[in-house]
Each structure stands twice: as C-alpha cells, then as structure tokens.
Amino acid sequence: LSRLNFTVGGSIRPQFNHATGGKETNIFRHNGFDGGTRFRFASDYYLFDDISWINYYELGVNIPAVFSWDDHYQPGANHTDRRMLYTGFKSKTWGTLTYGKQNSIYYDVVGAKTDIWDDDMLAQAPGNGINGNYDGSYRSRNMLKYKNTYGNVDVYAGYLFQDSDLLTSNHLRYQRKGGGSLGVDYHITDDLSWGTAWNYTRADMSNINNSEGKTYDQNIVGTALSWTPDRKSVV
C-alpha cells in the first residue's frame, strides 16, 4: 500500500562463554546457548502532512529452551520474551511520541553507547535495579516517550505510569508507582556524541509474608561518550 511501510528483521545469536565458576554452575554457557535471538516487526503508516503512525514489536526467542536442549539454557528460563511492543506517532517537525514497552531513555542516551558487542552490558543500569523492565532502567513497561532533534542535539523526555506487581524469588513484592526520565544526546561531530540521562522511579516494596513495606525513590544518572571513527553521514 502506498501509505504503509512494513518491515521484518531480526537475528539468531548462538553464543559460547568460558564463564567463571566452572562447568558445574555454568554448563550451558560452556556448551553453547542463545545469546539473545530476536525477531522484529515494524510498520509505518503515513497519515497526513509529515505525521505517521508507527508500531513496533520485538519477540525474543530462547531457541535451546524451545526445543528442550538440555545443558544449553539456564534451568527455568523463559522460552520467549516480549522484548518490546509500542505504538505512537512520528513527525519530522514535532518529533516522535510512543507508548508501550520500549527502550528506556537512559538506555537510548547512555546504555546503547556501551552495548556495541556481545555480552557487554556490565556498565549499564539494568544490573543495578530489581528488574530493567519494571524499574525504568532498560526496556520500560507502560512508558510514554518523546524525542525530538534541535540542530545537533537530541532531546528525550519520558513518563513512567504505574505498573503491575513483580514478585521476586526472595518473597518481596515490587510495584512501580510512577516516574520520569530526561535525556540529552549532543552530536559533537558525525562520529562523536555525548549523552547524559536521568531516570526517576517511585516504587513500593513489601514482604508477602508479613505487612512490612517501604516506599523507595530510585534515581539513575549517567553520562557516556561514543566515538565511531570514519562514520559517514547519509543524506
């Protein structure tokens, strides 16, 4: 259709790690496992002027778990994962506004700069919170995100809506009550950019075995430089 652009993509990612701890505790890593296979589906429907309606779905598939290949996946791992699912509007003039489960502003501005090769998320925020899907640090659920570009600067703003409960393995209940994010990515040159982001999340923590609970204010602040030499601008 003349107004509709639909794309499909993805990647299959076999991985081997000589992980510390020996084969007894990391046997699936030594034997070979799925390093993050995903399939992407995106649509862009032109509405009017320069405004389009956009949709995106990304499905993660743990191939060894799907086929029950013993010692090639972590016991208890999910077979599939809804990595992202969002909808919104895109305009060259007014920017992009999306809602759903999507990359957090912190990831877009700071985290993505270190996520450039396999098994390299150690410097990113998801490892510091309770769960990157719930606390707003990685792929945020129920998130409204806005992005626009002014000259050499990309400006981001986001709002985190209240989310459902997350039950942890140590009998704790986590519920995000709300939050927000701000980010700025300054493209100093075509191959050098400097990003800074802040994420705030307010959440309740409680013990499911008793009435003990507490409200926490979580904050993440980070900055990162990205240098990609010999990168050429596409006109």
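For the residue pair Asn148 / Tyr146, a side-chain donor-acceptor distance below 3.5 Å is found, with atom types taken as modelled. Residues Thr228 and Asp191 have side chains that never bring a donor and an acceptor to within less than 3.5 angstrom of each other. In the model, Arg40 has no side-chain atom that pairs as donor or acceptor with a side-chain atom of Ser11 under 3.5 Å. With 3.5 Å as the limit, one finds a donor-acceptor pair spanning the side chains of Asp154 and His187. If you check the side chains of Thr201 and Asn199, you find a donor sitting under 3.5 Å from an acceptor.
Ring geometry for Trp69 against Phe67 counts as parallel: the plane angle stays under 30°, on a 0 to 90° scale with 60° as the upper cut. The aromatic rings of Trp53 and Tyr45 sit perpendicular to each other, their planes meeting at more than 60°, with 30° as the lower class boundary. Between Tyr107 and Tyr138, the two ring planes are tilted [angle within 30° to 60°].
With hydrogens and angles disregarded, a donor-acceptor distance shorter than 3.5 Å links the side chain of Asp50 to the backbone of Thr93. Ser226 places no side-chain N or O within 3.5 Å of a backbone atom of Lys113 that could act as its donor or acceptor partner.
A 4.5 Å side-chain heavy-atom check between Asn142 and Gln162 finds every atom pair outside the cut-off. Using a 4.5 Å cut-off on side-chain heavy atoms (C-beta onward), Val66 and Val61 make contact. Residues Gln102 and Lys145 meet the side-chain proximity criterion, which asks for heavy atoms closer than 4.5 Å.
Cation-pi geometry between Arg141 and Tyr134 is satisfied (NZ or CZ under 6.0 Å from the ring centre, within 45° of the ring normal).
Every pair tested for salt bridge (charged side-chain N to carboxylate O under 4.0 Å, His left out) that includes a residue from residues 60-74 fails, sequence neighbours excluded, so the list is empty.
Aromatic pair Phe161/Tyr159: centroids less than 6.0 angstrom apart. Aromatic pair Phe28/Phe33: centroids less than 6.0 angstrom apart.
Taking the side chain to side chain contact (heavy atoms under 4.5 Å, CB included) definition, one finds that Ile188 meets it with Tyr186, Leu192, Trp194, sequence neighbours left out.
For Lys92, the NZ atom is loosely surrounded, since the number of other residues' heavy atoms within 6.0 Å does not exceed 12.
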